[in-house]
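Quick notes on the structure that follows.
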Amino acid sequence: MDTQIQDLETSEAEQSHQIGKKVTGAEALILSLLEEGVDTIFGYPGGAIMPIYDSLYHYDQQLNHILTRHEQGATHAAQGYARLAKKAGVCFATSGPGATNLITGIADAQIDSTPLVCITGQVASHLLGSDAFQETDIIGISAPVTKWNFQITKAAEIPGTIAKAFYIAQNGRPGPVLIDITKDAQFEMVDFVYKKCQNIRSYRPVPPLNQQAVLQAAQLINQAKKPMVLMGQGVSLAHAEKELQAFAEKADIPVASTLLGLSSFSTSHPLYVGFLGMHGNYGPNVKTNEADLLIAIGMRFDDRVTGDLKRYAEKARVIHIEIDPAEIDKNVKADVAVVADAKEALQALTPLVKAQKNPDWLQEFADCDQTEYDQVISKTLAPTTPKVKMAEVIDELSQLTKGEAVIVTDVGQHQMIASRYYKFATPNSNITSGGLGTMGFALPAALGAKLARPDREVIAIIGDGGFQMTAQELGTLMQYKIPVKIIILNNSFLGMVRQWQELFFDKRYSFTEMANPDFIALARSFNIAGQQVQSREELTSGLQNLLDHNGSFLLEVVVEKEDNVFPMVPTGESVSNIRLS
């Protein structure tokens with residue numbers, strides 16, 4: 001992630017705040033979080049973090065603590081909160097298994113650039129390295145999947161370390177930070193002084209904009225006949241949605257989106273040409289290899305977007321706008337690299353590009369759209385089979401919500417279907433697990449997102465397999481009355497794995513068929529209302545019941561068992577070889 005985080009001394013220019021009282025290390029942590037504007041914490045108590053929870057008890061009017069049912073749920077909830085609140089999510093866990101249960105969510109946050117500050121309790125400092133009860137080297141374990149981590153053994157270290165943690169997590173390319181605090185440091189007394197971190201020597205989270213690189217990029221754009229924007233999550237992280245739209249409209253450039261970039265550019269905009277990647281739209285995949293210029297903004301050219309790198313963008317020159325220099329030339333060689341914040345780069349670039357029109361190039365995408373509609377979409381949305389198809393559910397939901405809901409997806413076929421068929425009309429509306437592909441992400445992430453933005457409709461779309469990985473978080477919804485809407489697309493399979501087994505393993509369905517519980521009865525056991533839909537005649541009313549219900553609601557839609565997601569770029573193939581069936 002961000003490089004050269006070496007010297008963690010803060011500058012003299014930092015503003016200090018003196019609380020003016022002697023407190024325990026545990027209380028110093030709570031006060032530090034309040035200084036950083038934290039209002040919500042997701043966590044699970046235990047022995048090594050008990051002093052912190054004891055201090056938290058006295059601040060329950062200022063800090064909203066959400067007791068999740070598993071520490072992994074706490075990290076995913078913090079991710080959902082961070083993605084919608086646009087600030088670091090915070091979670092607590094105890095030592096040993098509590099800390100290790102955070103790792104999946106931390107790894108997910110690292111690869112998807114989500115700011116988290118994770119606080120773990122640890123055994124007393126004199127017991128470190130002794131294999132004490134519930135002692136685990138969480139610093140060593142978490143090092144590969146955090147932007148920074150640090151172990152605190154003295155109470156005096158707490159305020160400064162927390163200030164640095166928030167600065168590192170939220171600045172530059174965001175990411176997770178883990179702070180491990182020994183139990184004796186939590187009990188130790190300290191004079192509390194808090195200094196917000198303004199910078200860190202040797203760490204430049206936002207590289208200075210290279211004006212020469214911007215000029216070179218503009219020259220390539222002005223010469224291009226078939227340019228194409230590849231939009232990633234960096235656009236949303238930089239709050240650059242308006243800047244991207246102004247840039248694309250001026251130069252009349254088609255815009256395609258990665259999975260995590262979805263919702264940063266309205267799907268109804270005439271320049272939006274679709275979703276990139278393995279199960280993306282036909283046009284943007286095929287035209288990638290016909291474009292003469294790719295303008296990649298805040299994306300990392302991952303394998304699901306590029307397919308076979310040796311046959312990727314063979315005719316195109318590449319402009320890569322990216323805040324993290326480690327991503328430049330990592331997968332795809334850039335002809336011009338603009339290492340900068342996406343918003344700043346677009347603001348500098350747009351005045352330099354010529355106003356022009358590309359009707360013939362845009363028509364090529366429209367022709368591809370028609371091909372995809374004729375061969376895939378029309379048949380999917382008007383099926384002849386009796387069972388409901390997943391795409392029908394998402395299409396109807398999109399129409400009923402006018403594309404304005406926050407869609408939180410788990411991982412699998414339903415994720416790809418939601419990404420293809422939900423017509424995002426509002427920025428910052430797509431929350432999913434992209435790089436790590438974590439099943440079980442959606443339910444806890446949705447509750448975190450709803451707490452961040454209670455004014456928005458938050459809908460979790462989940463497969464029957466992924467739902468059962470974190471179904472215990474229904475208890476969190478129940479306890480805190482969080483009105484999340486849940487749609488389970490139930491095909492009684494691990495659907496994406498089954499699709500691969502059908503296409504590439506001669507239908508050898510090895511351990512992918514699932515015997516499922518009564519999901520509606522399960523929801524009701526948590527005092528959550530629910531309904532099952534088995535036919536398309538029930539679908540619209542079922543979705544309307546979900547949306548109209550005051551509180552959490554679980555809608556199970558029994559869908560076709562062996563439904564496949566197309567188009568599809570087979571693993572290792574060129575994006576030009578995308579399959580429509």
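Residue indices begin at 1 and follow the sequence shown.
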Heavy-atom distance under 4.5 Å between the side chains of [X] and [Y], does that happen here?
X    : Y    : value
V177 : L116 : no
V338 : N210 : no
I407 : I431 : no
D395 : Y422 : no
R83  : L260 : yes
V90  : T40  : no
W500 : M568 : yes
M231 : M299 : no

Practice problem: Evaluate whether atom CZ of F505 has more than 12 neighbouring non-hydrogen atoms of other residues, nucleotides or ligands under 6.0 angstrom away. | Solution: no

Exercise. Quick one: sort the W148 and F150 rings into parallel, tilted or perpendicular, breaks at 30° and 60°.
Key: parallel

Pairing donors with acceptors under 3.5 angstrom, does anything connect the side chains of [X] and [Y]?
X    : Y    : answer
N564 : E502 : yes
D464 : S492 : no
D308 : S574 : no
K86  : S236 : yes
H269 : E249 : yes
S263 : S429 : no

Mark yes or no for whether [X], through its side chain, and [Y], through its backbone, hold a donor-acceptor pair below 3.5 Å.
X    : Y    : answer
N285 : G277 : yes
H279 : V565 : yes
T438 : F441 : no
N491 : D563 : no
T409 : Q415 : no
Q233 : G298 : no
R456 : E404 : yes
K87  : A82  : no
E473 : H70  : yes
N358 : A251 : yes

Practice problem: Using the side-chain contact (heavy atoms from CB on, under 4.5 Å) rule, take L276 and M228 through it: C-alpha gap first, then chi angles, then the decisive distance, then the call. | Solution: CA-CA 12 Å; L276 292 159; M228 179 177 169; 4.1 Å; yes

When rounded to the nearest 0.5 angstrom, what distance separates [atom1] in [X] from [atom2] in [Y]?
X    : Y    : atom1 : atom2 : answer
Y272 : T267 : OH    : OG1   : 6.5 Å
R311 : N577 : CZ    : CG    : 5.5 Å
Q356 : N222 : CD    : CG    : 6.0 Å
Q501 : D506 : CD    : CG    : 11.0 Å
L178 : I139 : CG    : CD1   : 5.5 Å
D137 : T100 : CG    : OG1   : 12.0 Å

Practice problem: Please say which of I462, T104, D410 ends up in a side chain to side chain contact (heavy atoms under 4.5 Å, CB included) with M439. | Solution: D410

Nearest heavy atoms of [X] and [Y], plus distance in Å:
X    : Y    : value
R579 : S581 : NE-O, 3.2 Å
L436 : D108 : CD2-N, 3.5 Å
I578 : N281 : CD1-O, 4.1 Å
L580 : P567 : CD2-CG, 3.7 Å
L447 : A77  : CD1-CB, 3.9 Å
S264 : V235 : CB-CG1, 4.0 Å

Whether [Y] and [X] form a salt bridge (side-chain N of Lys/Arg under 4.0 Å from carboxylate O of Asp/Glu) is what I want to check.
X    : Y    : value
K561 : E513 : yes
R300 : E322 : no
E457 : K485 : yes
K389 : E392 : no

Exercise. Validate the cation-pi geometry between R420 and F275: distance from NZ or CZ to the six-membered ring centre under 6.0 Å, angle to the ring axis within 45°.
Key: no

Quiz item: Please walk me through it: do H320 and F301 pass ring pair (Phe, Tyr, Trp, His ring centres under 6.0 Å)?
Solution: CA-CA 10 Å; H320 197 174; F301 287 110; 5.1 Å; yes

Self-check item: Verdict with reasoning, I319 to I221, per side-chain contact (heavy atoms from CB on, under 4.5 Å)
Solution: CA-CA 9 Å; I319 297 168; I221 293 166; 3.8 Å; yes

Quiz item: What do the steps show when you test K226 against D292 for salt bridge (Lys or Arg N to Asp or Glu O under 4.0 Å), and what is the final call?
Solution: CA-CA 5 Å; K226 293 185 173 184; D292 62 6; over 6 Å; no

Self-check item: Full working for side-chain contact (heavy atoms from CB on, under 4.5 Å) between I295 and F247
Solution: CA-CA 11 Å; I295 307 157; F247 165 74; 4.0 Å; yes

Self-check item: side-chain contact (heavy atoms from CB on, under 4.5 Å) partners of Y373, counting only residues at least two apart
Solution: Q370, I377, S378

Quiz prompt | From CA spacing to verdict: salt bridge (Lys or Arg N to Asp or Glu O under 4.0 Å), K315, E290 | solution = CA-CA 6 Å; K315 299 178 182 179; E290 297 177 21; over 6 Å; no

Exercise. Starting from the C-alpha separation in whole Å, work towards a yes-or-no answer on ring pair (Phe, Tyr, Trp, His ring centres under 6.0 Å) for F265 and F424.
Key: CA-CA 8 Å; F265 202 88; F424 292 100; over 10 Å; no

Exercise. Go through the steps to decide whether L494 and Y509 satisfy the test side-chain contact (heavy atoms from CB on, under 4.5 Å), and finish with yes or no.
Key: CA-CA 10 Å; L494 298 176; Y509 295 160; over 6 Å; no

